[in-house]
Amino acid sequence: MPVDFQTNEEVVRAARRALDQAGWDYLVGGAESETTMRRNRAAFDKWAFLPRVLVDVSGVDPETEFLGEKIRIPVMLAPVAGMQRIHPEAAGAVAEAAAEFGTLQTVSSLTDPGMEETAEASDGVKFFQMYIQGDWAWIKEMVARIKKAGYKAFVLTVDNARYSRRERPIIGRTALANLGPSMPGPGASVTWDLMDRIKDLVDMPIMVKGIATAADAAIAVDHGVDVVWVSNHGGRQLDHGRGTLDMLPGIVEAIGGKARIVLDGGVVRGSDVVKALALGANVVAIGKLQGWGLAAAGSEGVVRTLEILEDEILSAMALLGVNSIGELSRDYLERADPVAAPHEMSAWVNLPGERLL
Ligand SMILES: Cc1cc2nc3c(=O)[nH]c(=O)nc-3n(C[C@H](O)[C@H](O)[C@H](O)COP(=O)(O)O)c2cc1C
């Protein structure tokens, strides 16, 4: 079925129609007051562009490289658990979409249809994100499977020491039975020591996802981490944290070029992508937007979402006067006052102040 979405707002609206209340609450809900989630959006709204004109941008191209892989736009797909709640083909549909569009997929260890089946769903390059849910023997067995299935990088998520209180599903009585409010998370006892052991074991690039301070970024670099993934889990874990784009400049400084940088949290527009790259991220990742595309129209929905994002990135780059991602820098940005109250829908034209409940 061909999809005719022209804006990602249309994708979000279609996703809302496709999902029942439980699915919507799971995909969209942040922790407690959802302040962290809102700050993710607010952080993007606090920057304005400084465009340069009369530059020949006829060759504008958002392609970039990440961990040796060419990607069509500097946007990859963040790990999303429980995708079967969003679409029956779950991570398999996303694997097809990522390969068709030309970007990288990070597969969560907590989603259907499982690591081998998802790996086989397309020949696209994939990373694997693993929650630690067992002892060393369990970890070794999982890592062997990850390697055999052909995943190219290992992502350790570190902001889940406890499963947070996400009140939309709590109030709706639809929270996952095995992940109830504020239970000890699978990461409760994971430390840098275990990260070191896993890093030695995996023998592939390691990405630590959920770094939120310059202090931890510096430790990550000391431990030889290949990629620092700046994230607050999309505002789904610790409430009253900072927006990720606000974290970025300090983290970039602390890393000093010694690791690659991914940023996620609130990215829904091409202009968001361009701002994050101008401030030093190498690539951004999308969680909710990926889920909305998947809910709206499965694999084709995710492809269409990425195509729209690509068009927005091209527009922002050309109108800024840059031809390539490498030309983006802090010189193209200035601090500005936000014009709208931030929330998970505030980037869409027709939904100001409105929540799709
Ligand atoms: C429905 C859902 C499930 C998620 N599951 C995982 C997961 O299994 N592992 C993980 O590291 N992050 C998970 N995340 C967080 C994302 O990887 C990412 O950090 C976040 O969604 C980025 O913010 P955004 O949703 O505003 O794009 C999940 C996010 C959503 C929306």
Side-chain angles (χ1 to χ4, degrees), residues 11-12 14-32 34 37 76-98 105-119 121 126-134 142 146 149 151 155-187 209-210 229 231-237 264-265 285-299 301-302 305 344 356:
V11 171
V12 175
R16 182 65 194 97
R17 287 193 297 275
L19 290 170
D20 62 13
Q21 193 64 42
W24 179 258
D25 287 348
Y26 169 63
L27 175 58
V28 174
E32 299 182 21
E34 302 190 339
M37 186 163 82
M76 62 182 208
L77 302 173
V80 171
M83 285 189 147
Q84 61 280 9
R85 292 183 137 206
I86 300 170
H87 188 275
E89 289 164 37
V94 175
E96 285 170 27
Q105 177 191 18
T106 311
V107 178
S108 166
S109 60
L110 291 182
T111 191
D112 282 0
M115 78 160 89
E116 286 84 6
E117 216 177 305
T118 305
K126 303 176 191 76
F127 305 151
F128 195 79
Q129 178 266 320
M130 193 172 91
Y131 283 123
I132 308 297
Q133 292 182 292
M142 284 290 283
I146 293 165
Y151 289 92
V155 181
L156 184 67
T157 296
V158 294
D159 56 8
N160 63 316
R162 199 169 170 91
Y163 190 78
S164 70
R165 294 180 56 84
R166 301 181 193 160
E167 295 196 359
R168 297 194 206 205
I170 292 173
I171 291 168
R173 299 291 185 272
T174 56
L176 292 171
N178 61 339
L179 288 175
S182 204
M183 286 168 59
K209 175 173 181 285
W229 190 320
S231 177
N232 52 25
H233 223 104
R236 298 164 76 83
Q237 284 295 92
D264 72 23
I286 51 171
K288 284 190 285 293
L289 189 60
Q290 173 192 166
W292 285 321
L294 180 65
S299 178
V302 177
T305 295
E344 72 280 9
L356 288 178

Is Arg166 positioned over the aromatic face of Tyr163, cation under 6.0 angstrom from the ring centre and no more than 45 degrees off axis?
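Yes, cation above the ring, under 6.0 Å and within 45°.
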Glu167/Arg173 ion pair, N-O < 4.0 Å
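Judged by the 4.0 Å cut-off on N to carboxylate O distance, Glu167 and Arg173 do not form a salt bridge.
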Can you list everything that forms a side chain to side chain contact (heavy atoms under 4.5 Å, CB included) with Ser299? Sequence neighbours excluded, please.
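Ser299 satisfies side chain to side chain contact (heavy atoms under 4.5 Å, CB included) with Ala93, Glu96, Ala97 only.
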Flag side-chain contact, heavy atom, 4.5 Å: [X] against [Y]:
X      : Y      : result
Val80  : Thr111 : no
Thr106 : Trp229 : yes
Ile132 : Leu156 : yes
Tyr131 : Leu110 : yes

I need the minimum non-hydrogen distance between [X] and [Y], along with the two atoms involved.
X      : Y      : result
Ala98  : Leu77  : CB-CD1, 3.8 Å
Ala31  : Ser164 : CB-OG, 3.9 Å
Val155 : Lys209 : CG1-CB, 3.8 Å
Ala296 : Ala14  : CB-CB, 3.8 Å
Leu294 : Val302 : N-CG2, 3.6 Å

Go through it in stages, so that I can follow the logic: the residues are Met115 and Met130, the test is side chain to side chain contact (heavy atoms under 4.5 Å, CB included), and I'd like the CA-CA distance, side-chain angles, deciding distance and then a yes or no.
CA-CA 10 Å; Met115 78 160 89; Met130 193 172 91; over 6 Å; no
Side chain to side chain contact (heavy atoms under 4.5 Å, CB included) between Gln21 and Thr174, worked out:
CA-CA 9 Å; Gln21 193 64 42; Thr174 56; over 6 Å; no
Please tell me whether Gln129 and Thr157 have a donor and an acceptor in their side chains that are separated by less than 3.5 angstrom.
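Yes, a side-chain donor-acceptor pair sits under 3.5 Å.
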Lys126: side chain to side chain donor-acceptor pair (under 3.5 Å) partners, not counting sequence neighbours:
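Scan of Lys126 (side chain to side chain donor-acceptor pair (under 3.5 Å), adjacent residues dropped) gives Ser122.
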Run the side chain to side chain contact (heavy atoms under 4.5 Å, CB included) test on Asp264 and Ile286 for me, step by step, so that the C-alpha distance in whole Å, both residues' side-chain angles and the decisive distance to 0.1 Å come before the verdict.
CA-CA 6 Å; Asp264 72 23; Ile286 51 171; over 6 Å; no
Quick one: list whatever passes ring-ring contact (aromatic ring centres under 6.0 Å, His included) with Phe127, sequence neighbours left out.
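In terms of ring-ring contact (aromatic ring centres under 6.0 Å, His included), with neighbours along the sequence ignored, Phe127 is linked to no residue.
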Give a yes or no answer on whether the side chain of His233 reaches the backbone of Gly235 with a donor-acceptor pair at less than 3.5 Å.
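It does not hold such a pair.
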Are any side-chain N or O atoms of Asn160 and backbone N or O atoms of Arg162, one a donor and one an acceptor, separated by less than 3.5 Å?
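No, the answer is negative, given that no donor and acceptor are paired below the 3.5 Å cut-off.
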Glu344 pairs by salt bridge (charged side-chain N to carboxylate O under 4.0 Å, His left out) with which of Lys288, Arg168, Arg236?
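With Glu344 as partner, Lys288, Arg168, Arg236 yield a single salt bridge (charged side-chain N to carboxylate O under 4.0 Å, His left out), made by Arg168.
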Criterion side chain to side chain contact (heavy atoms under 4.5 Å, CB included) on Glu89 and Asp112, from CA distance to verdict
CA-CA 8 Å; Glu89 289 164 37; Asp112 282 0; over 6 Å; no
